[in-house]
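Heads up, the thing below is written out as structure tokens.
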Amino acid sequence: MASGHSQLAEAALWLLLATLALSIGRSAAASASAPRVPAVIVFGDSTVDTGNNNQIGTTLRSDFPPYGRDMPGGARATGRFGNGRLPPDFISEALGLPPLVPAYLDPAYGIADFARGVCFASAGTGVDNATAGVLSVIPLWKEVEYYKEYQVRLRAYAGAARARAIVRGALHVVSIGTNDFLENYYMLGTGRFLQYTVAEFSDFIVDGARWFLSEIHRLGARRVTFAGLSPIGCLPLERTTSLLRGRGGCIEEYNRVAREYNAKLEAMVRGLRAKLPTLRLAYIPVYDAMLDFMTNPGKFGLENVEEGCCATGMFEMGFMCNDQAPLTCDDADKFLFWDAFHPTQKINRIMANNTLNDCYQQGVL
Ligand SMILES: *[C@@H]1O[C@H](CO)[C@@H](O)[C@H](O)[C@H]1NC(C)=O
Ligand SMILES: *[C@@H]1O[C@H](CO)[C@@H](O)[C@H](O)[C@H]1NC(C)=O
């Protein structure tokens, strides 16, 4: 009798699972045939660079294992700074577009691919031209030049009217700013710290962000997300710096600077929305989400929110995070950070979900 019951329960469970699989298959098919937007277009730094730095002369790269260790379909180091996909990839997939957004400089892809998604981002770059100079990466103004070149190619490929519709309908995802503070201002190498107080530097970066947003709007962008800074003083690398200074924990000064910059950025975004009514622009509050992971790790199944998974997790990123480095963790899903600077794929998926929710709430989608 008992075994009869459990067989029945098992059959019911299978039926339920089969029905679920069918409906998931249907909704995926539906979204594949009718994407929510024509394309996803990406600007920014390593948080969203899907492989452009592989093609330029910089030491800041990640096109070797264990980067890409947990990519769907098997390990593949694409130049993404993480163990798998980045937020724009998840956003693209969720909108019914391909599961990976190709890097504009990657010769394996052409304009037929870029018509549905393209990434101009470059790891190590910033809003300030001087930031890109530190590690010889692509400055933001050059990302905009690539965007213009892309539009010329898109017109040749799809015709003027369709190209215009693609650009206008596309979701533009922008994530940049961390390097302006951590790689430029606080590393002291560019001399900006002599020129500006940190509050003045924040204003300078916000001005640069306003210029950038106005420029892509002028070039046809209508749907845009712009991310704020995370608690940059709590990145594993900064925690290690804090430790070396004899303190330990997050560098609170950096977190305060991030919050002040975010407030200015949010005000700028509000102002720009009022000034450019055709621009649907969302500010993405990354700070709060990252703080939530750090203060409530259990809620997300995280066991380590202070060190990266790769190597010791205290300072390694880029070429220091490699297959020869010992101690790399087995299960990156238990970690907030993959290397000393970048979140894991699991976190990127949640951040993508948050970004889409913010888009719906702020009228961008
Ligand atoms: C950055 O460099 C570009 C190209 O040289 C220049 O047009 C732009 O004015 C510069 N921006 C700033 C803020 O210095
Ligand atoms: C995505 O966001 C929605 C709405 O907030 C939430 O219900 C859902 O659990 C989220 N999914 C993931 C994977 O975070």
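What you see is a predicted model, and the numbers here were worked out from it, not measured in a lab. All heavy atoms count here, side chains included; hydrogens, waters and symmetry mates do not. One-based numbering, in listed order, for ligands and for the atoms of each.
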Kindly check if C329 and C310 bring their SG atoms closer than 2.5 angstrom.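 Answer is no: C329 does not pair with C310 in a disulfide.
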Chi angles and distances behind the side-chain contact (heavy atoms from CB on, under 4.5 Å) call for D49, I138: CA-CA 11 Å; D49 177 0; I138 304 168; over 6 Å; no
Do the side chain of Y67 and the main chain of G318 share a donor and acceptor less than 3.5 angstrom apart?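 Confirmed, Y67 side chain pairs with G318 backbone.
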Looking at atom 2 (O) of ligand 1, is any protein heavy atom nearer than 4.0 Å to it?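 Yes, there is a protein heavy atom closer to it than 4.0 Å.
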Sub-4.0 Å protein heavy atom next to atom 9 (O) of ligand 1: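 It does not: no protein heavy atom is found less than 4.0 Å away from atom 9 (O) of ligand 1.
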Assess whether a salt bridge exists between R256 and E260, defined as any Lys/Arg side-chain N lying under 4.0 Å from an Asp/Glu carboxylate O.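 Salt bridge present between R256 and E260.
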Residue, atom name and distance, where the atom is the protein heavy atom closest to atom 4 (C) of ligand 2: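 Residue, atom and distance for the closest contact: N357 ND2, 3.3 Å.
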How close does the nearest protein non-hydrogen atom get to atom 11 (N) of ligand 1, and which residue and atom is it?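 I find the closest protein heavy atom is N129 ND2, 2.9 Å.
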Side-chain H-bond candidate by donor/acceptor type, T190 with R192, under 3.5 Å: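 There is no such pair between these side chains.
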N/O separation below 3.5 Å, N353 to ligand 2: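 Among all N and O atoms of N353, at least one is under 3.5 Å from an N or O of ligand 2.
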